[in-house]
Amino acid sequence: MTTFPQWLPWALLSAVFAALTAIFAKLGLQNIDSDMAMLLRTVIISVVLAMFVAAAGKWSNPLQLPGPTVAWLALSALATGASWMCYFRALQRGPAAQVAPVDKLSVVLVALFAVTFLHERLGWREWLGVVMIGGGVLLMALKR
């Protein structure tokens with residue numbers, strides 16, 4: 001019998017919040033430059049997350065973290081910022097129903113990068129899912 005993965009509810013909630021992000025951002029981008037909108041969003045996220053970490057008692061001194069950990073997280077932050085900047089510009093210029101699925105091409109790229117750089121292995125079902133997601137992105141992105 002298959003066990004229910006503990007990560008699945010969090011991943012599903014992530015998908016729900018990501019979908020809401022696209023809708024709320026599209027509505028919020030109507031009267032503001034996309035870069036300024038991203039800055040405002042980032043400040044709000046930073047404040048809320050700082051309050052959450054403090055309230056949960058999870059604060060630790062980041063200067064005591066190992067150098068490689070900080071470097072990888074810094075690269076992740078830079079990639080996130082670049083992704084958000086591109087995403088907000090795309091949302092400002094295109095329909096959310098097309099922009100968001102193309103953004104999810106990241107799922108295909110994560111699978112490819114994980115196999116290439118992290119030496120993870122995917123079974124045939126996972127590869128089929130990756131191909132289907134890629135095909136779905138193409139169907140959603142291309143004009144009729």
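Index from 1, following the sequence. Model, not experiment: these values are computed from the prediction.
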For residues 114-121, which side-chain N or O atoms pair as donor and acceptor with protein atoms under 3.5 Å away, sequence neighbours left out?
unit_1: Thr116; atom_1: OG1; unit_2: Leu112; atom_2: O; d: 2.8

- Note on the structure: So the salt bridge (charged side-chain N to carboxylate O under 4.0 Å, His left out) pairs with at least one residue in residues 52-80 (sequence neighbours excluded) are none
- Query: What pairs meet the salt bridge (charged side-chain N to carboxylate O under 4.0 Å, His left out) rule with one or both residues in residues 9-25, with sequence neighbours excluded?
  - Reply: none
Holding to side chain to side chain contact (heavy atoms under 4.5 Å, CB included), I want the full list of residues that pass it with [X], two or more places apart in sequence or in another chain.
X      : value
Ala90  : Val99
Thr69  : Pro66, Leu73
Phe24  : Leu20
Val131 : none

- Task: Check salt bridge (Lys or Arg N to Asp or Glu O under 4.0 Å) between Asp33 and all other residues, then give those that pass, not counting sequence neighbours.
- Result: none
With ILVMFWY side chains joined below 4.5 Å, transitively, what does [X]'s cluster contain besides itself?
X      : result
Met132 : Trp124, Leu128
Leu65  : Val70
Leu49  : Phe52, Val53, Trp59
Trp72  : Leu75

- Query: Would one find more than 12 heavy atoms of other residues, nucleotides or ligands at under 6.0 Å from atom CG of Asn61?
  - Reply: yes
